[in-house]
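So the structure is just underneath, and the comments pick up after that.
This is a predicted model, so every value here is computed, not measured.
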Amino acid sequence: ENDCTYDCIYPVLTGEGEEEKFSAMNQVLEDLVCRYKGDYQDYESGISSYGYVTCMDEEKISVVVKHSFYEKRTTTPRVEAVTLRMDTGEVITHEEMAEVDEELAWQFRSRNSHQNGTVEFVDGLTDEELMEYLSNEEDSVMFYTPVGLEVGFNYDGGWVTVTLKTNTL
């Protein structure tokens, strides 16, 4: 018997007179949150994907998604996010949010030890490797919170993010 399921929950945007824009934005959210819908049967007990609004104001909305891939004895987490402009519905790119450079790598390390304690995976990376993870299109994640910009990445075994309080759009 197969107990494999796929749960997918995410916010839906609505607004008077802007149905077309919100429809396009909702499609971006659905595509992100439900991106593993076709793969859930590859996992022993399926996948769950939950999207949360982390920041919303007149200019932008950030939605972060936590995917959980369920195997027999383990659950592999993955985090993804998207930030959209409220006026146009366009995706705000990582490049617009933060420049990945030596300064960002230094800030990430500093904030990581302060906010997360010891993360052996991060501690074992060179600055060049850290910058590669932070700039990797598939694995990096950036989104806004009321406190600042959350920056991080997925890696084998999980994900790690830090809050950069100086970065706001």
So for atom CD, which belongs to Glu103, do other residues, nucleotides or ligands contribute more than 12 heavy atoms lying within a distance under 6.0 Å?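 More than 12 heavy atoms, drawn from other residues, nucleotides or ligands, come within 6.0 Å of this atom.
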Other residues, nucleotides, ligands: >12 heavy atoms within 6.0 Å of Glu129 CD: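 Check passes, neighbour count above 12.
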Under 4.5 Å between side-chain heavy atoms, hopping through other hydrophobics if needed: is there a path connecting [X] to [Y]?
X: Val12; Y: Ile61; answer: yes
X: Val162; Y: Leu130; answer: yes
X: Val82; Y: Val64; answer: no
X: Ile9; Y: Val79; answer: yes

For [Y], does its backbone N or O pair with a side-chain atom of [X] as donor and acceptor, under 3.5 Å?
X: Gln115; Y: Thr163; answer: yes
X: Ser140; Y: Glu137; answer: no
X: Asn26; Y: Phe22; answer: yes
X: Asn154; Y: Trp159; answer: no
X: Ser135; Y: Met131; answer: yes

[X] to [Y] - nearest heavy-atom pair and separation:
X: Thr54; Y: Tyr144; answer: OG1-O, 2.6 Å
X: Thr88; Y: Lys21; answer: C-CD, 4.0 Å
X: Met25; Y: Leu13; answer: CE-CD1, 3.6 Å
X: Val91; Y: Glu96; answer: O-OE2, 4.1 Å
X: Gly158; Y: Pro77; answer: CA-CG, 4.0 Å
X: Lys60; Y: Thr83; answer: CB-CG2, 4.1 Å

Enter the distance from [X]:[atom1] to [Y]:[atom2] here, rounded to the nearest 0.5 Å.
X: His67; Y: Asp39; atom1: NE2; atom2: CG; value: 11.0 Å
X: Leu125; Y: Tyr155; atom1: CG; atom2: OH; value: 9.5 Å
X: Met86; Y: Asp57; atom1: CE; atom2: CG; value: 8.5 Å
X: Lys165; Y: Leu149; atom1: NZ; atom2: CG; value: 13.0 Å
X: Asp139; Y: Glu132; atom1: CG; atom2: CD; value: 11.5 Å
X: Arg109; Y: Gln107; atom1: CZ; atom2: CD; value: 13.0 Å

Do [X] and [Y] come close enough that some side-chain heavy atom pair is under 4.5 Å?
X: Tyr50; Y: Ser68; result: no
X: Ile92; Y: Met97; result: yes
X: Val63; Y: Tyr52; result: no

Report all side-chain donor-acceptor pairs from residues 116-123 shorter than 3.5 Å, counting only partners two or more places apart or in another chain.
from	atom 1	to	atom 2	distance (Å)
Asn116	ND2	Asn112	OD1	2.7
Asn116	ND2	Thr161	O	3.1

Connected-component partners of Tyr70 among ILVMFWY, side-chain separation under 4.5 Å: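 Other cluster members: none.
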Atom pairs and distances, donor-acceptor, side-chain atoms in residues 29-37, under 3.5 Å, two or more places apart:
from	atom 1	to	atom 2	distance (Å)
Glu30	OE1	Tyr10	OH	3.4
Asp31	OD1	Gln27	NE2	2.8
Arg35	NH1	Glu80	OE1	3.4
Arg35	NH1	Glu80	OE2	2.4
Tyr36	OH	Arg78	NE	3.3

Using the salt bridge (charged side-chain N to carboxylate O under 4.0 Å, His left out) criterion, which residues pair with Arg111? Sequence neighbours excluded.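 Residues passing salt bridge (charged side-chain N to carboxylate O under 4.0 Å, His left out) with Arg111: none at all.
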Checking Glu71 now: which residues fulfil salt bridge (charged side-chain N to carboxylate O under 4.0 Å, His left out) with it, not counting sequence neighbours?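 Expected list: none.
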Between Tyr133 and Phe108, ring centroids under 6.0 Å: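 So the answer is no for these two rings.
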My understanding is that only residues two or more places apart in sequence, or in another chain, count here; which of them pass disulfide (SG to SG under 2.5 Å) with Cys55?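 Per chain and number, Cys55 pairs via disulfide (SG to SG under 2.5 Å) with no residue.
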Determine whether Met142 and Val100 satisfy the following criterion, side-chain contact (heavy atoms from CB on, under 4.5 Å), listing intermediate values before the conclusion. CA-CA 11 Å; Met142 290 186 193; Val100 177; 4.1 Å; yes
